[in-house]
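Data block below; observations after.
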Amino acid sequence: MDILTLNDYVNRAVYGEWMMLVFILVGLYLSLRAGFPQFSRLGVALRETLGAIRERFLSFGGQITPFQAAMVAMSATIGTGHIIGMVGAVLLGGPGAVLWMWVAYLVGMATKFSEAVLAVHFRRQYTDGSVLGGPMVYIRYGLGRRMAWLAALFALFTAIAAFGIGNLSQAGAVGAALAQEFNVPPAITGLLVALLVGILLAGGIRSVARFAQVVVPLKLVLFFLAILPLIFIHLENLPAAFVLVVSSAFSFQAAAGGAAGAAVSLGLAEILKAGVGRGIFANEAGLGSAAIAHAQAQVDHPVRQGFWGLTEMLLSLTVTTLMALTFIASGLWQRFLGGDRVEAARALFAEHPLGVAALGLMLAVFALGTMVSWGFYGEEGAAYLFGEGIRWPYRLTFATFAFVGPLGGLAALTSVADTLNGLMAIPNLIALLALGGLVGQLLREFFSGLPWQPPEEED
Amino acid sequence: MLSGNLAEFPLLRLLETLMGAARGGALLIEHPSFAGSIYFEGGHPVHAEAGPLRGLKALELLAGLKSAPFRFDAEQATPERSIERSLETHQLILHQFEAWSEVHLPHNWELTLHGCLIQGPTQLSPLEADVLAQAQGKSLAQALMSGRLSPLETAQVLSKLLRLGVLEARIHLTVEPEPLVVLTLYGGGQGVAAIDEGLFTHWQGLVGGAFMVRLRTKTLEATLRPEPRLNMQGRVGLFERDMRQLRLSRGVPVEVWPEAR
């Protein structure tokens, strides 16, 4: 068995049905341990985050504010998968996939909340005010010295995966969007992206956070500017689209049509896989990546940062839902069922007053934001493994790959990195299972008005 | 030259010694809030000064001092005569000392007087209410010297007001108020202001011990118990119940400063 065959085998496993089931079960377990914060504490979470948005630049004394940390996480999360990936999920699982995506999101909210709480609770703070945190740190210090290998494994997966999902895929998406819609040569795109990413990563977390606090609102503005005209065009079909989502959640049959022009029949397993898969992988809850960003926030209590995790999921859910419902309401899903997701998305945005350029611009900005945050995640993983000296070599390598991305090629590396991205979930989910009780305890303490007691630091 | 502190040589004993020895000169008392002096001729006090007070009123104020450095200068001549040399005067002076021994005021007359809100009904006479109003924000020494009553009478009323708890004597601090932003604390707590542990330690050092924090909004002030917490820079954490009572919400800027207990 060669390395690529092995990679394909592992890739199918980490993105397969069984792994999805593990994600859901861990999410349910964390929901139970924390008293279903996605429902019981949603009001407080919104008050503490969006309700306190005027405090977004007011720090608690650290390098970046809780808002900025959440923006770094959201910059990575809200990517092209929210547009193209969502269209793909409907094409694979039919309209009913959206309902299962919602379910996966609701369960994943507890996972993301727990990741943010644990990331802040166990993070290491250095005398210069800088912070190292994320799943590798809560695995190492939460599960103890004996599980240091698992923490190292997570850090290794992150450091390499960042070159795939966070670099080549995204740079490729930026290059393709700009070449297709604006005729920008890929080499020019690669050069500009590499320069931008290199400069931002060179500035460390402060620079990444400053970029994220601009790019995430820009992403949302671009998304709404792109989607609202389409919603308006298909407004009368939206109620029917919603009914279709519910009615076709368990089985779905189309007499004739689809990309192949034949009758299409989808069973529950296929619908579930498409919907739950999107609901898990679109928002990164369980992968542990967002926890690296949340750990950077200086805050008086980890639970307060956990609320940003909930809000982050809610905003991500809003984007994917609007995208899916608009696509279903347009009726294009019937024509493209089982077909190419990029073509389907282009057909949808062709109805936009600005044409497909709106999609191109949106995808380019989405991908760029994801790249910068993932560059930071990968760097943190590498720094955990090899120390501070690795930062500059990592940044330079990351920028070089960003140049190569739009030019194409390196498919094998992208595929391996994609597998490692899926593998990140395994150490993280093990730690979340083991530390779920602590999340519940921290939540109870927070709502009893007790101050946060960070764990004793060990070498 | 005779010198020392009234804490070791009470004024009454000093006067008895000087009178018994029939000395002439000036007993100079260096209180941090005012300068005091008593002039003697042949062992009899003939003139006294204490801040703006002169004569028997000045002597009455000085009789209440429990602690202050003093020195006796036999060379100083009397600048004026404000106290009559008579047996009645001697008896009056003795009476003043006796009356002061029944007044319970803090020994530190530099403490600042603050009115307090107290639970339950409190009946104050018009005279007491007047003294209370006059004393607010003044140091104890200032209140004793500037009242419409004599120092001893003022001291008697202040002593009662302090005992009732309608008045508090606190160390006067010149700490700049810290501009902080309100942060919500959840749970059933009340009367607590959670502040950054760095700020807590800094204020503790300034006050020199236990302290309360005073919180000022645009419309009102409140006194709360400080609680040090991690990572609270720029914030003051208040429990929901206090926030409702103070009509505050998260993110509202307030001014906070320490006050000695």
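In the text below, chain A, chain B and the rest are named by the order of the sequence lines, each starting its count at 1.
What you find for A/R54 and B/S249 is that their closest heavy atoms are NH2-OG, 4.1 Å. Here the closest non-hydrogen pair linking A/A52 and B/R250 is CB-NE, 3.4 Å.
Looking at B/V192, neither its backbone nor its side chain comes within 4.5 Å of chain A, counting heavy atoms on both sides. For chain B, no part of A/Q453 is nearby; none of its heavy atoms comes within less than 4.5 Å.
Here the straight-line distance linking atom CZ of A/F447 with atom CG of B/L185 works out to 11.5 Å at 0.5 Å rounding. To the nearest 0.5 Å, atoms NE2 (A/H301) and CG (B/L183) are separated by 11.5 Å.
Side-chain contact between B/L230 and A/P451 is absent, with no heavy atoms from C-beta onward closer than 4.5 Å.
Under a cut-off of 6.0 angstrom, the local environment of CD in B/E8 is crowded, with over 12 non-hydrogen atoms contributed by other residues, nucleotides or ligands.
B/R235 places a side-chain N or O within donor-acceptor distance of the main-chain N or O of A/L58, the cut-off being under 3.5 Å. The backbone N or O of A/V299 lies less than 3.5 Å from a partner atom in the side chain of B/N231, making a donor-acceptor pair.
Within residues 213-224 of chain B, no residue has any heavy atom closer than 4.5 Å to a heavy atom of chain A.
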